[in-house]
Amino acid sequence: MTDQAISYQAVPAGVPVLTATGHEIGTLEHVLQIPEEDLFDGLVVATKDGLRFVDADQVQVITTSYVRSTLDDDAAAHLPAPDGAPVYHVDALQDTGTNLGDRLGRLFRRARWIRDSDGS
C-alpha cells in the first residue's frame, strides 16, 4: 500500500487501521483532536472487541484508504478503550425539509402529520 499521506483532518471515517506489519486492528471511528491548538491527539478505532484508542505518537502514516500505526500485533491486541466524554456527530441535513411539518415529522419520527377525524 503506497497511497499518499494526508492530514489527520482529511482522513475519512471507516478506513482500516493497520499494525506496523499490515494486520488490520479495526476501522477508524473518529479522530481525536484539540482544534483550538490544531493538535492531533489520536484515533478511536472500532474493533471486534469494542472501541480502542491509538495515541498520536503511535500513528505512522494516514492516507485516504488506510492508517498505519507503529504498533506490533501484540501491542495492538492490548490497546486501551478511549476515556473521556463521548463524541457526538451532527447531521446538518437531518432536519431539513420543505415545510414545518416535514421538520416536525422527523423530530418526532413521524413521516407526516395526520388530521384526526374530528378536525382537530
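Any value given below was found using the heavy atoms of this structure, including those in side chains, with hydrogens, waters and symmetry copies removed. In this text the structure is predicted, and so the values were computed from the model without any measurement.
Side-chain atoms of Arg52 and Ile25, non-hydrogen and from C-beta on, never get closer than 4.5 Å to each other. With contacts defined as side-chain heavy-atom distances shorter than 4.5 Å, the pair Val11/Ile6 qualifies. Leu18 is listed as a side-chain neighbour of Glu24, based on a closest heavy-atom distance under 4.5 Å.
Residues Ala5 and Val61 come closest through the heavy atom pair CB-CG2, 3.8 Å.
Of the residues listed (Asp74, Asp72, Thr70, Asp73), the one engaging Thr19 in a side-chain hydrogen bond (donor to acceptor under 3.5 Å, both in side chains) is Asp73, and it is the only one.
The structure places CG of Leu43 at 11.5 Å from CD of Glu29, a figure rounded to the nearest 0.5 Å. Taking CD1 of Ile34 as the reference point, atom CG of Leu39 lies at 4.5 Å (rounded to 0.5 Å). From His30, atom NE2 reaches atom CG of Leu28 across 8.5 Å, with rounding to the nearest 0.5 Å. Distance CG/Leu71 to NE2/His23: 14.0 Å, rounded to 0.5 Å. Atom CG in Leu79 sits 10.0 Å away from atom CG in Asp55 (nearest 0.5 Å).
Hydrophobic clustering, with ILVMFWY side chains joined whenever heavy atoms are under 4.5 angstrom apart, keeps Val54 apart from Val44. When the side chains of ILVMFWY residues are joined at heavy-atom separations under 4.5 Å, either directly or via intervening members, Val67 and Phe40 end up in a single hydrophobic cluster. Linking ILVMFWY side-chain heavy atoms closer than 4.5 Å, directly or via other members, places Phe53 and Leu51 in a single hydrophobic cluster.
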Legend entry - Evaluation steps, side chain to side chain contact (heavy atoms under 4.5 Å, CB included), between Tyr8 and Val59: CA-CA 10 Å; Tyr8 69 89; Val59 175; over 6 Å; no
